[in-house]
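Single-structure report; data block below.
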Amino acid sequence: MTVRVRFAPSPTGYLHIGGARTALYSYLFAKAHGGQYILRVEDTDLERSKREYEEAQIGDLKWLGINHDEGPDVGGNLGPYRQSERMQMYKDIAWDFVERGLAYPCFLTMKELEKLTEKANAEKKAPHTYHGKYRDFDLSEAKKRIEAGEEHVIRFKNPGKKWTFNDLVRGEVTFPEDMVGDFVILRANGMPVYNFCCVIDDHKMGMTHVFRADEHLNNTCRQLQIYEALGVTGEDLPKFGHVSLLIGSDRQKLSKRHGATSATQYKEEGYLPQALTNYLCLLGWSHPDETDIFDVNELGSTFNYDRFSKSPAMYDINKLKFFNEQWLRKLSDAEIAEGFSKFIPETSEYHKMTSEWKERFAALMKEKVQLFSDVNEFLPIFFDSGVDEDDQYKDAISWETTPQIQLYLSGELASVEGDFITEEKVGEWMTYLKKEMKIKGKQLFMGLRVSLTGRAHGPDLKTVVALTPKSIIAKRLGL
RNA sequence: GCUCCCAUCGUCUAGCCUGGUCUAGGACACCGCCUUUUCACGGCGGUAACAGGGGUUCGAAUCCCCUUGGGAGUACCA
C-alpha cells in the first residue's frame with residue numbers, strides 16, 4: 001500500500017513555525033516511504049479564512065522545499081483539496097448520519113448552552129454533560145421545526161464507548177466513555193466542523209498516516225467515533241502520530257507573543273530555508289547518527305517515527321541562528337554576495353561595487369555573520385569615513401608612533417593609482433614602516449589599523465584595506 | 001474541576017523498548033586556553049542533568065507504583 005500523508009493547514013494566518021514542522025515531518029515521512037504528500041486547505045471557518053493566507057502558506061511551504069504532490073494549486077485525483085469546495089458532501093454525510101440515527105438535529109441556542117455550561121460548572125460536572133438534550137427528540141418533529149426555519153446544529157451521538165488506539169509516537173492511548181459529549185458536526189450556519197471534515201477527507205483522500213501536533217491528541221477520540229460511523233475501523237484506519245508541541249521560553253505553546261513565529265518572518269529576515277528545516281527537523285526528532293547539520297532532503301529512509309521525542313520542545317532562536325550560520329558558509333561566494341545584496345539598504349555604496357568586489361567581500365565576511373543582514377554592522381568599515389572610538393582605539397591613537405604612521409600614509413596615498421589600494425601595497429608600507437621607521441609589533445599593526453579603518457577591530461587588515469575605496473581612507477587620514 | 005499526554009545539563013537531545021559497557025554521550029549557549037600582532041573563524045578543554053519517594057533486581061537513567069511538577073484538551077476554532 002502506498003503511503004499517503006497530508007498537511008492540512010487552515011488559512012487563518014501565515015504559516016506557523018509549528019505548522020511548518022508538522023508539514024516537514026509529514027513530507028519527510030512520505031519521502032522516506034516513496035509515498036505521496038498532500039496539501040489540503042481547511043477553510044471551514046468562514047470568518048477567519050482568507051485566500052491570501054492560503055497563497056502565503058503555499059508560498060512559504062515551497063520556499064522551505066516542502067513540495068506537495070496534490071493540492072488546491074496543483075490538483076490531483078481526489079480533489080477538490082479545499083474544504084470549502086466540498087461542502088455538499090459533508091452536509092450529505094451529516095444528514096445520512098441523522099437518518100441512520102447516528103446524529104441528530106439539536107435546537108439548543110447559544111444562550112441555553114451557556115446556562116447549561118454554568119450549571120455543569122457549578123455542579124463540577126463536565127460541560128458536555130447536558131449537551132444531549134435533543135438526543136432522543138422525534139426526528140419527524142425535528143424536521144418540521146427545521147422547515148419552519150428554526151436554527152439548529154447537527155450533533156453526533158456519542159455511542160458511549162471507551163476508545164483505544166495505538167499512537168505512532170505515544171504508543172497505546174485510551175479515552176474513557178465520557179471523554180466528550182454529543183459534539184457538533186454541522187454548525188447553525190450550515191458549515192461543518194473540523195473534526196468532522198477532517199475525518200471524511202482523510203478517509204476519502206486515502207490517508208494512511210496522519211501526523212499532527214499533540215494538541216490534537218484529544219480530538220482523536222471524536223474522530224475515531226466518526227470513522228466508525230463511516231464504517232472505517234481496524235486496519236482501515238489511518239495510523240496517527242501525535243508529535244510533541246513547540247513551546248516558548250515560558251514553556252507555553254508557541255504563539256505570536258513569543259516573537260517571530262511565522263515562516264514568512266524568517267524568510268523576510270533572510271534565514272536560509274535549509275537552516276530552518278534542519279533546525280525544525282531536530283526539534284522533536286533525532287538523527288540516528290546524532291548528526292546535527294544535514295540536508296533534510298537527504299534523510300531518505302533514515303527518517304522514521306520511532307525517533308520522535310514525546311515531550312514538548314522549546315524553540316530557541318539562538319540555535320536556529322547557529323544552524324543558519326552553518327548553512328550560510330556552505331554557500332558559494334557569489335551566492336553569499338547575492339544574499340548580502342538583498343539585505344543591504346539600497347542607498348549603500350555597496351551596490352555600486354563590481355561583482356568581483358562583491359565576491360571578495362563575501363569571502364571575507366562570511367565567517368563573521370550568522371544572517372545576511374548582520375553584514376550591515378560591518379559596512380561602515382568600508383564606506384563610512386567616520387571612526388569608532390572605543391577604548392582600544394583611543395589607546396592606539398595616543399601612541400606617539402601613530403601620527404608618524406599617518407603622516408607617512410598621507411604621503412604614500414597620493415602616489416596610489418586607481419580607486420583602491422592593493423594588498424601588496426599595504427604589505428610594502430608595512431615593510432617600510434618596520435625597516436626604515438623602526439615601528440614594529442602592536443604599534444605598527446594597530447597603528448595601521450586605526451589609521452586606515454578608523455577602528456580597533458575588523459576583519460583581516462590587508463583585505464579590508466583592499467576593499468575600501470581610496471577616497472574613504474583618504475578622508476580618515478584627513479586628506 | 002475532569003480527561004489525555006509528558007518528565008535526562010539553562011536549551012535541543014542520545015541512552016530507556018532488549019536493566020550492567022553510563023564516574024550519563026553529543027549539540028546550542030556560557031567560561032578558559034591555543035591560534036590570530038585586531039575581532040572573528042577554527043582547535044582544545046571546562047561548568048552543567050537522570051524531578052522526588054517507594055518497590056523489583058546481585059545490579060535501575062533504563063522495569064513497576066505513588067507523589068510532585070509541566071503541558072494540552074474540555075467550542076457552533078483548527
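These numbers come from a predicted model, not from an experiment.
- Using Watson-Crick or G-U wobble geometry with both donor-acceptor distances under 3.5 Å, B:rA24 finds no partner in any strand shown.
- When the nucleotides B:rC5, B:rC28, B:rA7 are ranked by their closest atom to the side chain of A:Arg170, B:rC5 comes out on top.
- Residue A:Ala313 is classed as a sugar-phosphate contact, given heavy-atom separations below 4.0 Å to backbone atoms only.
- Proximity of the aromatic rings of A:Tyr134 and A:Tyr104 is defined here by a centroid distance below 6.0 angstrom, and this criterion is not met.
- The partner of B:rC9 cannot be assigned: no Watson-Crick or G-U wobble pair with both contacts below 3.5 Å exists in any strand.
- Ring centroid separation for the pair A:His258 and A:Tyr315 does not come in under the 6.0 Å cut-off.
- Using a 4.0 Å heavy-atom distance criterion, A:Pro459 is classed as a base contact.
- Across all strands shown, A:Arg455 has no heavy atoms under 4.0 Å from either base or sugar-phosphate atoms.
- The distance between atom CD of A:Glu290 and atom C1' of B:rG26, rounded to the nearest whole Å, is 5 Å.
- Listed pair A:Gln392 / B:rU38 fails the phosphate criterion, with no side-chain N or O lying under 4.0 Å from OP1 or OP2.
- When rounded to the nearest whole Å, the span between CG of A:Leu283 and P of B:rA27 equals 18 Å.
- Looking at heavy-atom distances under 4.0 Å, A:Phe445 makes contact with a base.
- As judged by a 4.0 angstrom heavy-atom cut-off over every strand, A:Leu280 is placed among residues making no nucleic acid contact.
- A:Gly181 comes within 4.0 angstrom of no nucleic acid atom, judged by non-hydrogen atoms across all strands.
- Across all strands shown, A:Val173 has heavy atoms under 4.0 Å from sugar-phosphate atoms exclusively, and none from any base.
- Residue A:Ser249 is out of contact with every strand shown, counting any heavy-atom pair closer than 4.0 Å.
- Base engagement by A:Leu113 is indicated by at least one non-hydrogen atom pair under 4.0 Å involving a base atom.
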Pairs: protein N or O with nucleotides 73-75 of chain B N or O, under 3.5 Å:
unit_1 : atom_1 : unit_2   : atom_2 : d
B:rG73 : OP1    : A:Lys253 : NZ     : 3.2
B:rG73 : O4'    : A:Asn218 : ND2    : 3.3

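- The residue A:Glu47 sits apart from the nucleic acid: no heavy atom pair falls under 4.0 Å.
- Of the P atoms belonging to B:rU8 and B:rA14, the separation is 10 Å, rounded to the nearest Å.
- With hydrogens and angles ignored, no donor-acceptor pair closer than 3.5 Å exists between the side chain of A:Glu367 and the base of B:rG42.
- Regarding contacts with the backbone of B:rU13, every side-chain N or O of A:Ser286 stays at 4.0 angstrom or more from both OP1 and OP2.
- Between A:Tyr350 and A:Phe340, the ring center distance fails the sub-6.0 Å criterion.
- Residue contacts for A:Arg307: at a heavy-atom cut-off of 4.0 Å it reaches the sugar-phosphate backbone alone, with no base atom in range.
- Among the heavy atoms of the strands lying under 4.0 Å from A:Thr174 are primed sugar atoms or P, OP1, OP2 only; no base atom is included.
- Going from atom CG of A:Asp316 over to atom C1' of B:rG10 covers 10 Å, rounded to whole Å.
- Aromatic rings from A:Phe303 and A:Tyr25 are positioned such that their centres are separated by under 6.0 Å.
- No side-chain heavy atom of A:Asp374 sits less than 4.5 Å from a side-chain heavy atom of A:Glu325.
- Applying the Watson-Crick and G-U wobble criteria (two distances, each under 3.5 Å), B:rG73 pairs with B:rC2.
- Checking the phosphate oxygens (OP1, OP2) of B:rG10, no side-chain nitrogen or oxygen of A:Arg251 falls inside 4.0 Å.
- A:Lys310 comes within contact range of the sugar-phosphate backbone alone, with a heavy-atom separation under 4.0 Å but no base atom that close.
- Straight-line distance between the C1' atoms of B:rG15 and B:rA75: roughly 42 Å, to the nearest whole Å.
- Rounded to a whole Å, the CG atom of A:Leu245 is 11 Å from the P atom of B:rG71.
- Looking at heavy-atom distances under 4.0 Å, A:Met110 makes contact with a base.
- Following rounding to the nearest Å, A:Gln370 (CD) and B:rC28 (P) show an atom-to-atom distance of 11 Å.
- In this structure, the CG atom of A:Asn166 is 12 Å from the P atom of B:rC5, given to the nearest Å.
- If you take CZ of A:Phe378 and C1' of B:rA40, they are 8 Å apart, rounded to a whole angstrom.
- When each of B:rU37, B:rC12, B:rC5 is scored by its nearest atom to the side-chain atoms of A:Lys319, the top-ranked nucleotide is B:rC12.
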